[in-house]
Amino acid sequence: RMMIEVLCRLWDKIHPGKEEIRRGCRACGMCCEAYGGYLHASPGDIERWRRLGREDLLALVSPYGWIWVDPRHGRRGDPCPFLQRGDDDKALCAIHEIKPDICREYPSLDHGRHCVRGIYIPRHSPSRKSSVH
């Protein structure tokens, strides 16, 4: 945590007045495009999708747990098929309420809570509710 605070102070010195750029999800969809084809479903995801009758989502899970797999060929398809691009260069998750746990938790501590663009995203950022993640 201390390292993140140091980096934030450094950012403020390099980019004065631009704090808003480095905090909170910008709903750009870059994470979904970069990582969307390399994800696994958690046991909780499988159970939730079964409970909700989401056979469409379950059909995109391989026997090994990879998600967004083309059921016809058994290979991973394009990055997340549920990424929807808007006119204003924003991206939204079409399955936001039931998206995979791995997406919910991104960016994790493994990523230093920084997204693909390097923006720090606090764990419970208010902007995350309406954004891609």
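From Leu58, atom CG reaches atom CZ of Arg48 across 11.0 Å, with rounding to the nearest 0.5 Å. Going from atom CZ of Arg75 over to atom OG of Ser62 covers 13.5 Å, rounded to the nearest 0.5 Å.
Annotation: Arg72, atom CZ; neighbour count of heavy atoms from other residues, nucleotides and ligands within 6.0 Å does not exceed 12.
A donor-acceptor pair under 3.5 Å links the side-chain atoms of Trp49 to the main chain of Ile98, judged by distance alone. Between the side chain of Asp45 and the main chain of Asp101, a donor-acceptor pair closer than 3.5 Å is present. For the pair Arg85 (side chain) and Cys28 (backbone), a donor-acceptor distance under 3.5 Å is present. In this structure, Arg104 contributes its side chain and Lys99 its backbone to a donor-acceptor pair below 3.5 Å.
By the rule that hydrophobic residues join a cluster once side-chain heavy atoms approach within less than 4.5 Å of another member, Leu52 and Leu60 end up as members of one cluster. Connection of Ile95 to Val69 is not established within any shared hydrophobic cluster, with ILVMFWY side chains joined at heavy-atom distances below 4.5 Å, either directly or through further cluster members. A continuous path of ILVMFWY side-chain contacts below 4.5 Å connects Val61 to Trp68, so both sit in one hydrophobic cluster.
Ring geometry for Trp66 versus His40: interplanar angle of 30 to 60°, hence tilted.
When every heavy atom of Cys115 is checked against every heavy atom of Pro107, the shortest pair comes out as N-CG, 4.0 Å.
Exactly one of Pro100, Cys31, Cys25, Cys32 qualifies for a side chain to side chain contact (heavy atoms under 4.5 Å, CB included) with Tyr106. That residue is Cys31.
By the 4.5 Å heavy-atom criterion applied to side chains, Ser108 and Ile102 are not counted as neighbours.
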